[in-house]
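First the structure, in the form of structure tokens, and then the observations on it.
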Amino acid sequence: MTLAINVRGLNKSFGDKHVVQDVSLQVEEGKICGFLGPNGSGKTTTLRMLCGLLTPDSGAGTALGLDIITQANLIKRRAGYMTQKFSLYEDLTIEENLQFSARIHSLDRRKERVDQALERLGLIERRGQLAGSLSGGWKQRLALATATLHEPKLLLLDEPTAGVDPKARRTFWDEIHALSAEGLTVLVSTHYMDEAERCHEIAYISYGRLIARGTAQQVIESTHLITFNGEGPGIDRLSVEIGKLPGVDMAAPFGQSLHVSGVDRPALEAALAPYRRAPFKWTEVEPSLEDVFIRLMETSEDNFK
Amino acid sequence: MNGFSATRVLAVMIKEFKQLTRDRLTYAMMLAIPVVQLLLFGYAINSEPRHLPTALLVQEDSVFARSITAALKNSAYFDLVAQARTPAELDEMVRRGEVQFAITIPGDFTRRVARGDQAQILVDVDATDPSATGAAVAALAALPQQALANDLKGALAARGQAAPPFEVIVHRRYNPEAITAYNIVPGLLGIILSMTLVMMTALSVTREAERGTMESLLATPVEPIEVMAGKLAPYVFVGLIQTAIILLLARFLFDVPMMGGWLGLSLGVALFIVGSLALGFLMSTVARTQLQAMQMSMFYILPSILLSGFMFPFRGMPAWAQAIGEVVPVTHFLRVVRGALLKGQGIEDMWRELLALTAFVCVVTALAMARYRRTLD
């Protein structure tokens, strides 16, 4: 097994804020690793350290076998990075953005590569359109095409689908899987649970610390969370009331139903006992990734407060 | 209709005030710049310069010559900085711009004064900047009446009575008709290039940072010097086109004489364009927003206009202000342009200015490279 990313003990502070704390991360070559965590948890900072945009205060490691501190410039040639905010030139056309990327990476067969990318995107007819006039979903697909034009071996994506509609997100992910099938390693940060489930494995970071790691199933199991799904008219209104009960870690309404989770089975059962009456119906369910993440978020200490 | 609500006005006003105070650099500049500029320019600018460098060629050793020398020394307008030995040497000093005035007391001066035979003192003025010399030339008119007052005694007393004992012949070199445009229009080349080029590149990096494209750019293998060269190149063409247009208009609209010195001028233009663009680039690596970059370029433009000798005579400023003026690149560029166009100076006459412009390019580029961040740290 070859590791595309192998970093240990990464730390980064901005002023007195310790944004990334001792993060160690290994991603196997060819895998899609989902990088999850609440806002401000250090995902972007970690991604930036991996591609040489930020210098870690301490820690070491390699990306694509290259030292992230001393060989950042070599990593930049072999890795693609897509920023959180759309960062192509809005006043250049789609084709011009691709050409710029081709030149800045000193690629050969530029015309051919740009044409291929346009074709893959299905933007051949719109090649002359300004990038700024594209809709959110198209912008992200263009940004992905630009970030992968130089055929990187590692792709770092920072919330690539934020604010993009579900259909465009699905197209985007199909493309990521296609790239992965060709051997590309992808580290992608996201807030969407359905996207997390489409990853080969996930890494969960909170308040600068990596707190869960593995496949989606492994992460769910590792929290030992027990979840009951309650149904019945008006049950969603009880979420605040139930959420306060001892043994209940969280209660979250999902439309007409309510997810109640906890780690202590007897306490959870006891808490729910008074509600086991008509018209409510309770069934134990497998906790969703979302239940698990909210649980992880709530239990990790907030060292910024 | 909503009517006019004072509360809503207040809401906008309070928000603006708060945003203003959050942007510390802008705030500091708004308060500090007027004070600095008022003090700087208030004391530095003098539209009636005195103590102009003057060279003297005395071709006879006589009492009269010494009296005239003394009278010139006593005048606040002339500083005798050099003694020429030959007319050719004197001529060179004016052409190279080392002195503003070259005064010749001819060999037969005493004899002619004594005989009442049209005695003359020759004054060659570097009139490229008419405003620099106007007051001093006017002061020369009083010289014949006063300079020899103590010497014309006894038999010569009558010489001072009816008519002045000698004449001052003023020869305005390079700009005999004292046309201001001859001086201003070549000067404008420097000002216009500064205003447009510095600002253009000053905005270029901050714009990338503001739009977020800088992050993508930094994630590519591109080197800082490559970014700088690539960003500057298009504006070098803009600068060259501007130069061509200004020179053509100067020639055909303002009849500015063009005496030659094309090689030195071309070198000067090239250095100045690249230096100005590099300076803008340097500013953009310091400024965090486009607004700050704009303010910085404005901060640079004012001394370029006021202390460079563009608007007010350089030699009219006090020594400390001239020292500041020497640091302003436009000062040296103006000397190159005016020297080449009006005086036909060659590289051998202006190599100091070209050297100064070369230093400007090198220092600014080095600073810009040191400031340019490869990372987002």
Side-chain angles (χ1 to χ4, degrees), chain A residues 12-15 19 44-45 47-57 63 66 68-69 71-92 97 100-107 131-132 139 142-144 146-150 152 154-158, chain B residues 21-25 196 199-238 277 280-281 284-294 368-377:
Chain A
K12 184 73 187 177
S13 301
F14 295 111
V19 180
T44 299
T45 306
L47 288 175
R48 284 175 173 174
M49 285 193 283
L50 289 174
C51 65
L53 278 177
L54 288 173
T55 320
D57 296 337
L66 298 161
I68 59 162
I69 294 159
Q71 295 178 300
N73 263 9
L74 292 173
I75 295 174
K76 286 179 184 178
R77 289 164 195 262
R78 292 169 176 76
Y81 173 55
M82 198 175 138
T83 56
Q84 191 167 348
K85 199 183 146 218
F86 181 66
S87 63
L88 297 183
Y89 296 96
E90 303 213 344
D91 43 3
L92 293 187
N97 268 298
F100 175 74
S101 178
R103 286 212 173 84
I104 209 123
H105 284 102
S106 326
L107 299 183
K139 274 185 182 170
L142 174 60
L144 179 65
T146 310
T148 52
L149 196 65
H150 59 294
L154 172 65
L155 188 57
L156 303 166
L157 307 172
D158 195 2
Chain B
T21 51
R22 295 284 143 80
D23 188 354
R24 292 273 185 76
L25 187 62
T196 50
M199 203 174 285
M200 285 309 235
T201 40
L203 296 179
S204 72
V205 176
T206 39
R207 190 188 304 126
E208 299 240 10
E210 269 184 31
R211 292 192 186 168
T213 51
M214 200 64 198
E215 197 182 339
S216 284
L217 195 60
L218 287 176
T220 71
V222 71
E223 293 290 326
I225 191 79
E226 294 165 348
V227 174
M228 181 164 163
K231 276 192 176 281
L232 263 50
Y235 298 111
V236 171
F237 286 106
V238 173
L277 292 170
F281 191 84
S284 71
T285 62
V286 179
R288 265 172 296 132
T289 62
Q290 294 195 56
L291 179 65
Q292 288 178 356
M294 289 275 280
M369 284 301 98
R371 282 282 323 176
Y372 186 87
R373 295 271 77 99
R374 282 162 179 274
T375 62
L376 296 167
D377 285 290

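Lettering of chains follows the sequences in order, A, B, ..., and the numbering in each one begins at 1.
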Does atom CE (Met200(B)) have a neighbourhood of more than 12 heavy atoms from anything else shown, all under 6.0 Å? no
How long is the span from the CG atom in Leu53(A) to the CG atom in Leu217(B), to the nearest 0.5 Å? 10.0 Å
The interface call for Ile104(A) against chain B, heavy-atom contacts under 4.5 Å, is both
Minimum heavy-atom separation for Gly212(B) and Ser87(A), please, with both atom names. O-CB, 3.1 Å
Atom CE of Met294(B): over 12 foreign heavy atoms under 6.0 Å: no
State the SG-CD distance between Cys51(A) and Glu215(B), to the nearest 0.5 angstrom. 7.5 Å
What option among Phe14(A), Tyr81(A), Tyr89(A) has the most heavy-atom pairs under 4.5 Å with chain B? Tyr89(A)
Could you tell me whether the side chain of Lys85(A) and the main chain of Thr213(B) form a donor-acceptor pair under 3.5 Å? no
Is Phe100(A) in contact with chain B via its backbone, its side chain, both, or neither, using a 4.5 Å heavy-atom distance? side chain
Under 4.5 Å heavy-atom distance to chain B, tell me which part of Asp91(A) shows up: side chain, backbone, both or neither. side chain
Please report the interatomic distance NZ(Lys76(A)) to CG(Leu218(B)), rounded to the nearest 0.5 Å. 6.0 Å
Contacting region of Arg77(A) [heavy-atom separation from chain B under 4.5 Å]: both
Side chain from CB out, backbone as N, CA, C, O: work out which of these in Glu223(B) comes under 4.5 Å of a heavy atom of chain A, or both, or neither. side chain
